[in-house]
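Encoded as structure tokens, the structure appears first; notes follow it.
Here is the naming used below: chain letters follow the sequence lines, and residue numbers restart at 1 for every chain.
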Amino acid sequence: MNVNVPPNAIPNAAQPLEWPEGALTRIPYWIYQSPEITALEQQRLFEGPVWNFLCLEAEVPKPGDYRVTAVGSMPVVVARDFDDEIYAFENRCAHRGALIALDQGGHARDFTCVYHAWNYDLKGNLKAVAFEDGVNGKGGMDKTFCRADHGPRKLRIANFCGLVFGSLSDDVPPIEEYLGDEVAAKIKRVLHKPVTVTGRFTQMLPNNWKLYFENVKDTYHASLLHTFFTTFRINRLSQRGGLVVSPNGGSHASFSFIDKANQENDYAAMGIRSDKEDFALKDQSLLDNADEFGDGCHMQILSVFPNLVLQQIQNALAVRQVLPKGQMETALNWTTFGFADDTPEMKTRRLRQNNLAGPAGYVSMEDGAVGGFVQRGVAAAGGERAVVEMGGSGTTGQGTRATEASVRGFWKCYRGLMGI
Amino acid sequence: MPGAITLERILALQAAYIRCIDSNALESWPDFFADPCLYVVTTAENRKAGFEAGIIYADTKGMLIDRIAALREANVYEKQSYRHILGLPNILKNGGDEAESETPFLVVRIMHDGQSDIFATGLYLDTYRVAGNDLKFSKRLVVCDSSRVDTLMALPL
């Protein structure tokens, strides 16, 4: 068969990197697909004027304790030095670039790169170079070599309520300003006393990191995608909810309260209204919610741009760190926690309620998969765009969760940093 | 001793358990457990660190029943099935009416579009109890080798 294709009739497949019209209400799908965007995000966003969540302070409780974490694709060591301060530095030897710390965490007095034994203190300062003066008067480093001029990049640290954040930027605002008063207050509300880690795992998401971060901010989908509560006739209609968005748009908190009229009853007693025995939970201890923060708020999902989610679903508490792994995969690092003074009953309650979230979470197991549904759905649609107009085109909090304001807030913050 | 726990009974229970899940007879899955029981899906890293939280955590048979009801009636996920391949149970303790064993597993997940992947490997750390004529799990810790979990763990392991 002779196919006659005139020259230039096949359009160039390169994606346009111009944002479509519609400002914050349109999201082009190439933003989830382009390797160039992934590289640009590392420079302008993760290494830019943002606070990246690194780990919990409770994960490095004693001098010498360290955790390995990341800022976007940059491997990072967080360590508590013997001055009791927390430091973070790039996990990259100044000599040839090998990882300095090879495991996920532990306890150390210092770090020695395995490749050529260059040695670092817990602040990331280069302290010793093997054979610096040579052997038997031969070889060694030039006399002009100054160890202080060489070392991995260091991060600024902000510890807010036991959340350890790091930044590579000198221009990032102080953490309180970055979060804004409303989001900061919602963090303080949960992290008001010392925490104890109860579990840690990594959930691998088959999609670009932004699709997950948007999902967390998307208050519109919750009652539509997640049908656990409605299926089991757990009455949610009487709940009051709300949303706050940080001034920069990037961070948010959404929350819901049990209505005052029902406040005297516990969640289970008010919730189960089914006359169909089959649709009631056999074991209602899952819904045995304790109002531990004393404000009737039984669910609060909070995000801090660009990579933290703080979760309170009833008494199931967790932080989730969102880390891109290339443009098509994301690692979601879960750390579940309770408080150091939890009673045995509260410990058990949290262990049971952890069933509500995560890869097997009753309320939200769909969230891990839905980003992949989008990534697969838009495989050939780099030139098309999503429509995000629920609740108008603004980015400020509204007295309803039927809005995409916080999703638009994310893009406002993102585009400002990315310059696109 | 009549009704004593034997290797043969343990093998039969293990085989029936994986057949139940792999053949999508999940409604029978809770019946493999005593009540109360402990069923936890966790990872080797968490176990080593002494962390108690699980990806799935159930300490009553009612919670196991609820999990299957949620999968059948509430949760949204792509159609999929597992193929469990078990190693041999290593009997750690056998007191006749209570026993403990450790059994390696490999689970392949088959998605509706035909994609098959190794979904999980690990160890079943089991405690058995005789209940009437039946042998049940009073405790089943599913300890996955990897600290990484797939984006979705809909079906139990």
Side-chain angles (χ1 to χ4, degrees), chain A residues 104-105 196-207 212 225-232 278-286 316 318 329-338 347-348 350-355 357-373 376, chain B residues 27 30 35-80 111 113 115 117 119-120 142-157:
Chain A
Q104 292 302 303
T196 303
V197 173
T198 59
R200 196 187 276 141
F201 60 91
T202 297
Q203 181 183 6
M204 296 306 293
L205 309 176
N207 53 267
Y212 182 77
L225 175 64
H226 309 310
T227 58
F228 177 76
F229 283 122
T230 46
T231 300
F232 287 95
D278 290 354
F279 285 97
L281 288 176
K282 286 273 182 293
D283 187 336
Q284 302 203 357
S285 65
L286 190 72
E329 200 177 24
T330 302
L332 189 61
N333 291 321
W334 290 73
T335 307
T336 57
F337 64 89
K347 277 184 191 167
T348 301
R350 295 195 206 284
L351 293 172
R352 287 178 178 154
Q353 292 185 2
N354 281 340
N355 283 298
Y362 287 138
V363 179
S364 58
M365 72 168 69
E366 296 85 3
D367 284 333
V370 77
F373 298 167
R376 281 148 60 190
Chain B
E27 282 70 15
D35 193 17
C37 59
L38 184 64
Y39 173 81
V40 184
V41 178
T42 184
T43 69
E45 184 195 3
N46 282 290
R47 187 167 163 74
K48 193 178 168 197
F51 294 149
E52 289 183 87
I55 295 151
I56 302 176
Y57 183 99
D59 58 5
T60 65
K61 192 172 170 181
M63 289 183 81
L64 299 172
I65 294 168
D66 290 338
R67 182 153 283 278
I68 300 309
L71 288 179
R72 293 295 198 218
E73 305 293 340
N75 291 118
V76 181
Y77 53 96
E78 291 177 278
K79 203 181 277 182
Q80 56 190 274
M111 298 301 290
D113 66 353
Q115 173 140 352
D117 292 297
F119 182 70
V142 186
V143 183
C144 298
D145 294 323
S146 174
S147 58
R148 287 187 179 189
V149 184
D150 190 89
T151 194
L152 177 75
M153 189 179 287
L155 310 177
L157 287 170

**Portion of A:Thr198 that has a non-hydrogen atom of chain B nearer than 4.5 angstrom** = both
**Prompt:** To the nearest 0.5 Å, what is the distance between OG1 (A:Thr196) and CZ (B:Phe51)?
**Reply:** 9.5 Å
**Prompt:** Is the backbone of A:Leu281 close enough, under 3.5 Å, to the side chain of B:Asp66 for a donor and an acceptor to pair up by distance?
**Reply:** no
**Fill in**
So OG1 of A:Thr348 and OH of B:Tyr57: to nearest 0.5 Å the spacing works out to 5.5 Å
**Fill in**
Between A:Gln203 and B:Asp150 the two heavy atoms that sit nearest each other are CG-O, 3.8 Å
**Request:** Below 4.5 Å from any heavy atom of chain A, which atoms of B:Ala70 appear? Answer side chain, backbone, both or neither.
**Result:** both
**Request:** Locate the shortest heavy-atom distance separating A:Leu205 from B:Thr151; write the atom from each residue and the value.
**Result:** CD2-OG1, 3.2 Å
**Item:** Atom group of A:Val197 that falls short of 4.5 Å from chain B, counting heavy atoms
**Value:** both
**Residues B:Arg148, A:Glu329: salt bridge by 4.0 Å N-O rule** = no
**Asked** What heavy-atom pair brings A:Ser285 and B:Met63 nearest, and what distance separates the two atoms?
**Response** OG-SD, 4.5 Å
**Request:** Heavy atoms only: give me the nearest B:Asn75-A:Tyr362 pair and the separation to one decimal.
**Result:** ND2-O, 2.7 Å
**Complete:** So CG of A:Asp283 and CG of B:Asp35: to nearest 0.5 Å the spacing works out to 8.5 Å
**Request:** Measure across B:Ile55 and A:Asn355 and return the closest heavy-atom pair with its distance rounded to 0.1 Å.
**Result:** O-OD1, 4.4 Å
**Fill in**
NZ (A:Lys282) and CG (B:Leu64) are apart, to the nearest 0.5 Å, by 12.5 Å
**Prompt:** Taking side chain as C-beta onward, heavy atoms only, is A:Asn354 less than 4.5 Å from B:Glu52?
**Reply:** no
**Item:** Contact class of B:Leu71 relative to chain A, heavy atoms under 4.5 angstrom
**Value:** side chain
**Item:** Interface residue of largest heavy-atom contact number with chain A, from B:Gly54, B:Ala53, B:Gly62, under 4.5 Å
**Value:** B:Ala53
